[in-house]
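Structure first, commentary second.
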Amino acid sequence: MDRELGRRLLGDMIRIRRAEETLADLYPAQEMRTPTHFSIGQEAVAVGVCAALHRTDVIYSGHRCHAHYLAKGGSLDAMVAELYGKETGCARGRGGSVHLSDPAAGVLASSAILGQTMAVAVGTALAFAMDGLPRVAVSFFGDGTVEEGIFHEALNFAVVKKVPVLFVCENNGYSTHTRLDVRQPASVTIRARAASYGLPAQAVDGNDVFAVYDTAQTALTHCRSGAGPAFIECATYRWREHVGPLWDHDKGYRTKAEVDDWVARCPIKSATARLLREGLCTPADVDAMTRASQAAVNHAVAAAKAAPFPAVEDLTLGTY
Amino acid sequence: MDRELGRRLLGDMIRIRRAEETLADLYPAQEMRTPTHFSIGQEAVAVGVCAALHRTDVIYSGHRCHAHYLAKGGSLDAMVAELYGKETGCARGRGGSVHLSDPAAGVLASSAILGQTMAVAVGTALAFAMDGLPRVAVSFFGDGTVEEGIFHEALNFAVVKKVPVLFVCENNGYSTHTRLDVRQPASVTIRARAASYGLPAQAVDGNDVFAVYDTAQTALTHCRSGAGPAFIECATYRWREHVGPLWDHDKGYRTKAEVDDWVARCPIKSATARLLREGLCTPADVDAMTRASQAAVNHAVAAAKAAPFPAVEDLTLGTY
Amino acid sequence: MRRLTYGQAISEATVQCMEADPSIFVAGIGVDDFKGIFGTTLEAHRRFGDKRVFDIPNGENAMTGIAIGAAAVGKRPLVVHPRNDFMFLCMDQLANLAAKWRYMFANGTGVPIVLRGIVGRGWGQGATHSQSLQAMFAHFPGLHVGTPATPADAKGLLVSALTGTAPVVLLENRALYELEGEVPEGLEAVPFGKGAVTRPGTDITIVGVSLMAYEALRAARILADQGVDAEVIDLRSVRPLDEELVLTSLRKTGRLVVADTSWALCGVSAEVAAIAAEKGFVSLKAPVRRVTPPDSPAPVSKPLEDAFHPNPMTIARACLDVLKAAGASTKGVADVQATFAGPY
Amino acid sequence: MRRLTYGQAISEATVQCMEADPSIFVAGIGVDDFKGIFGTTLEAHRRFGDKRVFDIPNGENAMTGIAIGAAAVGKRPLVVHPRNDFMFLCMDQLANLAAKWRYMFANGTGVPIVLRGIVGRGWGQGATHSQSLQAMFAHFPGLHVGTPATPADAKGLLVSALTGTAPVVLLENRALYELEGEVPEGLEAVPFGKGAVTRPGTDITIVGVSLMAYEALRAARILADQGVDAEVIDLRSVRPLDEELVLTSLRKTGRLVVADTSWALCGVSAEVAAIAAEKGFVSLKAPVRRVTPPDSPAPVSKPLEDAFHPNPMTIARACLDVLKAAGASTKGVADVQATFAGPY
Ligand SMILES: Cc1ncc(C[n+]2csc(CCOP(=O)(O)OP(=O)(O)O)c2C)c(N)n1
Ligand SMILES: Cc1ncc(C[n+]2csc(CCOP(=O)(O)OP(=O)(O)O)c2C)c(N)n1
Ligand SMILES: [Mg+2]
Ligand SMILES: [Mg+2]
């Protein structure tokens, strides 16, 4: 594996993990007054896919958008400030945790309504296709979103119009507290159902950042070739509660054993192990990455706390 | 083939054809002031499926509902009166051609909004399942309806909850004036996409009433067994314009040759030929059936014309 | 000025805007077929071809999101719905994303999508195909909602929509498609938020919405025969709504009748009446009256359908009632006969 | 009478109705999980199990149709939406089928489905998770729409819904879930279409909708300290709407302020103001005032969110303005200070 790439993939995951762990620790202080869905444990999907993207490609996400936003290069300071409801936030404090965007970095929008951005990503890809641009639009969504009608309409349209959109399904096995098998046919995988729309659909270990990266590369090549959309199903797992910073394996909808098992398969731990094994980085490098990431987060938090709240006179600003 | 069954299937198709041809002829007189979607050419689907149903089974349809309504035993007089907007109509003149229902006959509802009744049929089947009844709910819909998100949500729910619903897709190749290949992935059939939900899905010649009947029987046995929903895709063709009584092969979206080809494969003609060939009926029988059907339609039209319009004082009656 | 029908005006606005702005495209069920949405997309398709005027699969919710996504990167999608009733399926994307985009992401750009929805009034269209959903759309800040009732406004509001920055819903009434009127040749915009006095008068103000702006003019003629000089206002735009125009007229007439194509409860007629009660109270000399369909779905049967929709007669009667209620001398006004058949 | 919280009252109504009627079932995302929709479905699930209280896949549009289909053959589905904002996706099935079923098929039976939608006011829920959609639902004939603001009404309206014949939308406000109040033990129904005078008064009428009915009471206390005796009406039901109650109060006070949780334009506040202008005009002594959120989506940042939602202070100020505008002697009323912190 390429040394720089390997280190970048690991570094990005560490960056995101540090940011979210830190925010999760600070969350109970009640200063971030916005329902927050942490991606802790799912970083490999965001990082693996976004590392395979070009700067000009764009992404869309849903309610669990921190990792996608950061992986694509969204401003950490602006994200933290947004969670603190400050004027310096990426949505100037108007949008909150579930509405992150950073157009300059290609993070066009995130939305808290399931499936909304799947269709939006298809529309952006349609625009790219109309202009004959090699750009790709990525749609990140969860396994629960697959049940919404818009999933079907979006895939059908994307295939029929051959637009360059990459659908990335982050299958963490749950929709809030409901297991996948209670919500979808047990006999067919999401990947298989996606494939039935006539697009290339690949399943991958969502906790193996290198595998995700390779799978995304192949899919993106297909999209850029003008052959239309592609689909990736990434198996992964959410460590914390659905919304909020806490652990919830005591709540009865999943077992501690299940959580422990997935924590043991931490995407960062395994990626670190591999890079060390292959001699692509040293423990010191990892410490350095971690310290640098932590410093960046601490700085972002301090800046966010110091930043001003939006002015009440601007309450309706920007509505039309 | 069973003699009685064969004659019934043919007789029902003739009954529906006579009714619709007659209404189509009368339509230009402007007395039926309700947008009307004729099923002429598609009778075998409605008749083949409904003949396989029990009296206690129910059906739901869409905008093109005349054949389904009549095949399930809906009152002809009430349907004709409804098209004439009379108080004696099955919806007392309130609903019109696209909102036929006859609960006593098991025709629970038809709706002009694509896909609405797919979910409704699933709900009725859910109720049957909750009560442990052997009843089945049938959802008739067209190939265009397959593109609506509710198709996806309805199939997913039906499979997950294992409800006794039979989905019958009447694939006539067009959604208004748009060919199927402009609207859905060319590489996958509707049947195949349906199968990807993990339910038994069968394709059948929708112009062969006997084949439709047999396929429906098999599917219904599956539904009644408690194993959940089933799906049938019936290939057929609409002879007249999308809405209205006229022929429209001169309008450019389809060729006369294509229409002629399907007219040559008239479901009634082929069924008649087979019954005669197998000696299950005589030309005289067919004439008798035709005459009897024509007489019934003429009577229904006369009765409808003579019937009173709803009273204006009742304008809001039944709203709540 | 040369005259066009309402439908021709929509077609012309579409073509001219597409010529001026290559980022505009038209998408919708049947926009490229031989009917071309009652002729409104035929010329655009002929001129700009399948790349900019294209048919779509069914699936209203996704199509709205797709338009949003295209607009997010600089396109100007014009999505056409043969019936605005199908737009119930667009509500999530429309009200809960498009309308909120610019504010909620606060990143300057909005998503200026334009949705044309046709109101299928008449000929037994029935409960699910003849509604007029302006109130449902207008309730949500972030949208602009227009209800053109003349060929000139049909063109002008579409021009505003396709050159503006807000997500727009334009509700066109099928019953007006053949209506002829003078239409400017060029790309003259009719701004959202500006109504029009279509007939000056002194005795009473009739505010009409969509088709009812047209019916209100016919009602005014009936009233004129009765010696009543009604001022007629075509609201034209429901969000933003031209409060000032209504209030100015009220200061003159002191009396208000509001006629809408949709139901009263939480309808546009309620909003106009509320504005009068809030900001026009000192001018009001008599109770406001709303003329709307009754509280039921739309029936199909002709006698019921005729009774369901407001018409010039019911609007005129409401005006006479208001004038009498106000005890105003109605200058020997005779009661309007239901049998009245004016020279419309 | 024994006291329950708003949430407990909903739970009790559900359980008691399910005991009385085996055809009732509860379906919705998470109705069977450990949170049980803020506790409102926990007891029902414990008692009646997975067969009658069950989780569902995501897919709001189909679930609404599924409820309709079950109701069409005699079931009484109670569908719960953790946020009423998700119900934009139900609009087609709800407004374009359920609401029209009984009239459009004219076959006697209707589809009495009950949809509970929770308004997620506060704590940065933001633009897409804290709306209050009563106006959108209420515009459509054929639906009943309730907005309970007390534990007793939360129970009573749910009982009415689960024993009535109409399709119903009940909007519950999350901010009221912990509110305590007296609740009848039995299955006592609160009828749709009947509001309640929650505080009698003589100087001005405050009509409150949903949470604003509660805030209006707090405003009345502030006003009392200012020597103003306000009458407070909790609308409780938006469709049908209790016009008579509002008009009766107006006859007494002659002044009206309407406070709603949703936007003004085509909102419930517009409807109540319109009723005053149409049918209460002779009683009106001053302009009506609406107190609603401003024309923007809901912001997240706390200072903005606090400014966005109406509160007792803004309601009280509106009342004082109306009283002054009316030139009424406001008995030495001092201006309410923004700093006021009443004993709520
Ligand atoms: C249309 C809609 N329905 C329901 C919800 C409530 N909701 C928020 S997140 C969520 C779970 C989604 O699961 P999934 O898509 O797998 O994402 P995950 O939370 O697992 O990352 C649900 C049901 C919503 N936000 N939007
Ligand atoms: C939600 C919705 N979108 C669009 C329409 C307009 N429309 C009416 S019938 C029809 C074609 C449907 O095609 P299909 O389902 O194949 O039925 P067919 O007419 O071929 O029998 C369309 C698009 C509608 N009625 N409802
Ligand atoms: Mg998930
Ligand atoms: Mg078809």
Side-chain angles (χ1 to χ4, degrees), chain C residues 60-61 85-86 88-89 91-97 99-100 103-104 126-128 131 133-136 138-142 238-241 256 258 262-282 284 286-290 293-297 299 325, chain D residues 60-61 85-86 88-89 91-97 99-100 103-104 126-128 131 133-136 138-142 238-241 256 258 262-282 284 286-290 293-297 299 325:
Chain C
E60 288 73 9
N61 193 24
D85 312 70
F86 308 152
F88 282 116
L89 291 161
M91 278 310 281
D92 180 61
Q93 290 280 354
L94 186 61
N96 220 12
L97 186 58
K100 295 168 169 60
Y103 183 89
M104 180 167 80
T128 65
Q131 290 163 102
L133 302 175
Q134 56 272 20
M136 177 177 77
H139 186 55
F140 297 95
V238 175
R239 178 181 283 275
L241 193 151
L256 176 64
V258 191
S262 190
W263 298 286
L265 204 152
C266 296
V268 177
S269 64
E271 179 60 29
V272 175
I275 288 165
E278 264 194 322
K279 303 177 178 169
F281 182 72
V282 291
L284 272 184
V288 175
R289 271 289 287 280
R290 291 185 275 177
D295 269 344
S296 79
Chain D
E60 287 74 8
N61 193 24
D85 312 69
F86 307 152
F88 282 116
L89 291 161
M91 278 308 282
D92 180 61
Q93 290 280 353
L94 185 62
N96 221 11
L97 187 58
K100 295 168 169 59
Y103 183 89
M104 181 167 79
T128 65
Q131 291 162 102
L133 302 175
Q134 55 272 19
M136 178 177 76
H139 186 55
F140 298 95
V238 175
R239 178 181 284 275
L241 193 151
L256 175 65
V258 190
S262 190
W263 298 287
L265 203 152
C266 295
V268 178
S269 64
E271 180 60 29
V272 175
I275 289 165
E278 265 194 321
K279 303 177 178 170
F281 182 71
V282 292
L284 272 183
V288 175
R289 271 289 288 277
R290 291 185 275 178
D295 268 343
S296 79

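Scope of the values below: all heavy atoms of this structure, side chains included, with no hydrogens, waters or symmetry mates. A, B, ... follow the sequence lines: proteins, then strands. Residue 1 opens every chain.
In terms of heavy-atom pairs under 4.5 angstrom with chain D, the leader among Arg289(C), Gln93(C), Met104(C), Arg290(C) is Arg290(C). Of all the listed residues (Val258(C), Leu89(C), Leu265(C), Leu241(C)), the one sharing the greatest number of non-hydrogen pairs under 4.5 Å with chain D is Leu265(C). Looking only at heavy-atom pairs under 4.5 Å with chain C, the residue among Ser262(D), Gly126(D), Ala135(D) that has the most is Ala135(D). Chosen from Cys266(D), Ala270(D), Ala264(D), Ala274(D), the residue pairing most often with chain C at heavy-atom distances under 4.5 Å is Cys266(D). Between chain D and the options His139(C), Met91(C), Lys279(C), Arg239(C), heavy-atom pairs under 4.5 Å are most frequent for His139(C). When Ala273(C), Ala95(C), Pro297(C), Gly142(C) are compared by the number of non-hydrogen pairs under 4.5 Å with chain D, Pro297(C) comes out ahead. Among Leu284(D), Val272(D), Asn96(D), the residue making the largest number of heavy-atom pairs under 4.5 Å with chain C is Asn96(D).
Pro299(C) touches chain D through backbone and side chain together, each having a heavy atom under 4.5 Å away. There is no contact between Ala276(C) and chain D, counting heavy-atom distances below 4.5 Å. Of the atoms belonging to Phe281(C), it is side-chain heavy atoms, and not backbone ones, that fall under 4.5 Å from chain D. Residue contact with chain D, scored on non-hydrogen atoms closer than 4.5 Å, involves the backbone and the side chain of Ile275(C) alike.
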Stepwise side-chain contact (heavy atoms from CB on, under 4.5 Å) test for Leu133(D) and Phe140(C): CA-CA 10 Å; Leu133(D) 302 175; Phe140(C) 297 95; 3.7 Å; yes

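Counting all heavy atoms, side chain and backbone alike, Asp295(D) lies closest to Pro141(C) at C-CB, 3.6 Å.
You'll find the side chain of Gln131(C) reaches within 4.5 Å of the side chain of Lys100(D), heavy atoms only.
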